[in-house]
Amino acid sequence: MNGPVAEVRTAVRRFLDAVRPEAVTVAVSGGADSLALAAAVSRLVPGASAVVVDHQLQPGSADVASKAARQCADLGLVPRVEPVVVSGPGGPEAAARNARYAALRPSSGVVLLGHTLDDQAETVLLGLGRGSGPRSIAGMRAFDAPWGRPLLGVSREVTRAACAEQGLEPWDDPHNADPSFTRVRLRAEVLPLLESVLQGGVASSLARTAAQLREDCDALDSLAAAFTGDCCAVDDIAELPAALRRRVVRSWLIYEGVPELSDSHLRRVDALVSEWRGQGGVWLPGGFVVRRAHGRLVVEPQS
C-alpha cells in the first residue's frame with residue numbers, strides 16, 4: 001500500500017522498531033497530526049493507550065476532548081481524557097505546554113507526540129530568531145524519553161491526507177489561526193514566503209540542518225561528560241574550547257539545581273572565566289547567582 005497512510009505507518013513502525021518501548025501511549029489533541037498518529041499506532045500496537053488533554057481554555061473544550069477520545073476508541077485505542085488547569089509563568093503557550101506535559105508523563109513506556117516536519121522547521125526558525133543557541137536550533141529529538149516523535153520526517157500535508165483517506169475528521173484548533181501567536185505567523189506567513197523565494201524544500205532543509213546540529217551537540221556533550229577536571233576551578237576549564245567549556249559549566253549548574261539555562265546565561269557565566277575583569281556575579285533563574293572567588297566559580301542563592 002502506498003500513499004499518506006502508508007507513509008505515516010512506516011514512520012511509526014521505524015520508530016517502534018528502533019526504540020522497542022514496553023508500553024505505548026499516544027497524545028491526541030483531535031488535530032490531524034495526532035489523529036493520523038493514533039490511527040497508525042492502533043494498527044501497529046494493539047491495546048495501546050491514548051490520552052486527550054483538555055486545557056479548558058476555550059468554550060466547548062470538553063466536547064472537543066470527548067470527540068477525540070471517541071475517535072481513539074473507534075480506532076481500537078484505550079482512551080482517557082485529562083482536564084488540566086493552565087497557570088504559571090512564561091505566558092499562555094508555555095503554561096499550557098507545561099500543564100500538558102505534566103498530564104501526559106507516563107509511569108512507564110513512551111508517549112508518542114504528533115510533531116511533524118513542519119513543526120520541526122518552525123522550531124528551528126524560532127530558535128534562529130531568538131538567538132537561543134545551538135540546542136534550540138537543533139530542534140526536537142525523535143526520542144527524548146519518555147517522549148517519542150515518530151512523525152518528524154512526515155509533513156503536515158501528509159497527516160491531513162492520511163486522515164482523509166481513513167475517514168477521520170480532525171479538529172482545527174482556532175489557536176492555530178491566531179496571529180497573536182508567533183508560531184502561527186511563522187506557519188502562515190514566514191515559511192510560505194521562504195518556500196516561495198527559495199523555490200521549495202525549506203522545511204526539509206531546516207529539519208536536516210537541525211539533525212546535523214544535534215549530532216554536533218551530542219558529540220560535544222559526550223566530550224563534556226568525559227571531562228575529568230574540576231569544573232569549578234578556573235585554571236582547569238579556562239583552556240577548554242569555549243563550546244566545550246560552556247557545556248561543562250552547564251552540566252555543573254544543572255546539577256546544582258539551576259533551571260531554564262539559556263545561551264545568554266551561559267555566556268555571561270563563561271565571561272567569569274574567559275573575560276575576567278573583577279566583575280560581579282551573574283544572576284540566574286531560580287534565584288541563583290554565580291560568582292568567581294579565589295580562582296573558583298561558586299553558585300549560591302541570591303541574598
Side-chain angles (χ1 to χ4, degrees), residues 1-53 68 71-72 75-80 97 100-101 103-124 135-166 168 170 203-219 221-222:
M1 179 178 64
N2 297 316
V5 171
E7 184 174 343
V8 173
R9 286 182 188 170
T10 297
V12 175
R13 183 182 295 109
R14 286 175 176 167
F15 175 87
L16 295 174
D17 287 346
V19 175
R20 298 189 177 279
E22 59 179 302
V24 175
T25 302
V26 189
V28 181
S29 66
D33 303 335
S34 62
L35 270 186
L37 176 60
V41 170
S42 71
R43 293 294 297 270
L44 298 170
V45 189
S49 302
V51 178
V52 183
V53 177
Q71 288 180 298
C72 290
L75 289 168
L77 299 172
V78 181
R80 75 177 190 273
R97 182 173 59 253
R100 179 168 62 254
Y101 275 76
L104 289 171
R105 184 170 290 278
S107 57
S108 63
V110 301
V111 174
L112 301 186
L113 309 172
H115 295 130
T116 65
L117 176 73
D118 303 87
D119 294 307
Q120 185 74 298
E122 292 160 12
T123 299
V124 174
R135 291 180 187 278
S136 179
I137 302 169
M140 297 175 282
R141 293 182 179 275
F143 182 49
D144 186 13
W147 316 112
R149 300 178 177 88
L151 304 185
L152 287 181
V154 177
S155 72
R156 195 172 289 138
E157 180 182 9
V158 167
T159 62
R160 285 197 166 275
C163 287
E165 187 176 326
Q166 297 170 97
L168 299 172
S204 296
S205 296
L206 288 170
R208 284 197 304 274
T209 298
Q212 293 161 6
L213 190 51
R214 275 197 307 279
E215 292 174 352
D216 291 348
C217 286
D218 288 347
D221 287 345
S222 295

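Quick note: numbers below take in every heavy atom, side chains included, and nothing from hydrogens, waters or symmetry partners. Just so it is clear, the structure is predicted and the values come from calculations on it, not from any experiment.
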J.: T123: which residues meet the side-chain hydrogen bond (donor to acceptor under 3.5 Å, both in side chains) condition with it, sequence neighbours left out?
T.: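 In terms of side-chain hydrogen bond (donor to acceptor under 3.5 Å, both in side chains), with neighbours along the sequence ignored, T123 is linked to R183.
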J.: Is a side-chain N or O of E7 found less than 3.5 angstrom from the main chain of G3, in a donor-acceptor match?
T.: no
J.: Identify each donor-acceptor pair in which a side-chain atom of residues 110-120 lies under 3.5 Å from a protein atom, sequence neighbours left out, and give them as a table.
T.:
residue : atom : partner : partner atom : Å
H115    : ND1  : R149    : NE           : 3.0
T116    : OG1  : D118    : N            : 3.3
T116    : OG1  : D119    : N            : 3.4
T116    : OG1  : D119    : OD2          : 3.1
D118    : OD1  : R156    : N            : 2.6
D119    : OD1  : R156    : NH2          : 2.9
D119    : OD2  : T116    : N            : 2.8
Q120    : OE1  : M140    : N            : 2.7
Q120    : NE2  : M140    : O            : 2.9

J.: Looking only at heavy atoms, what is the nearest atom pair of S42 and A39, with distance?
T.: OG-O, 2.7 Å
J.: Show me the side-chain donor-acceptor pairs of residues 10-26 shorter than 3.5 Å, one per line, residues at least two apart or across chains.
T.:
residue : atom : partner : partner atom : Å
T10     : OG1  : A6      : O            : 2.8

J.: Determine the minimum heavy-atom distance between A138 and A210, stating which atoms define it.
T.: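 Smallest interatomic distance, heavy atoms only, reads O-CB, 3.3 Å.
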J.: Testing the basics here: between V5 and A162, what is the closest heavy-atom pair and its distance to 0.1 Å?
T.: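 Here V5 and A162 meet closest at CG2-O, 3.8 Å.
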J.: How far does CD of Q71 sit from CG of L77, to the nearest 0.5 angstrom?
T.: 11.0 Å
J.: For the atom pair SG (C217) and CD (Q212), what is the distance rounded to the nearest 0.5 Å?
T.: 12.0 Å
J.: For R160, what residues pass the side-chain hydrogen bond (donor to acceptor under 3.5 Å, both in side chains) criterion, not counting sequence neighbours?
T.: D172
J.: Which value, rounded to the nearest 0.5 Å, describes the distance between L168 atom CG and C163 atom SG?
T.: 5.0 Å
J.: When you check the gap from the basic side-chain N to the acidic O, do R214 and D221 get nearer than 4.0 Å?
T.: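 No, no charged N to carboxylate O under 4.0 Å.
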J.: If you look at every heavy atom in V41 and A48, which pair is closest and at what distance?
T.: CG1-CB, 3.7 Å
J.: Considering all heavy atoms of both residues, which atom of G30 and which atom of A68 are nearest to each other, and what is their separation?
T.: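 Heavy atoms of G30 and A68 come nearest at CA-CB, 3.9 Å.
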J.: Pair L37, V8 - check side-chain contact (heavy atoms from CB on, under 4.5 Å), show working.
T.: CA-CA 7 Å; L37 176 60; V8 173; 5.5 Å; no
J.: Check whether any side-chain heavy atom of P79 sits under 4.5 Å from a side-chain heavy atom of V28, and report yes or no.
T.: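 No. Closest side-chain heavy atoms not under 4.5 Å.
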J.: Identify, with sequence neighbours excluded, every residue that meets side-chain hydrogen bond (donor to acceptor under 3.5 Å, both in side chains) alongside D33.
T.: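 Partners of D33 by the side-chain hydrogen bond (donor to acceptor under 3.5 Å, both in side chains) criterion, ordered by chain and then number, come out as T159.
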J.: What pairs with R80 under salt bridge (Lys or Arg N to Asp or Glu O under 4.0 Å), at least two apart in sequence or on another chain?
T.: E82
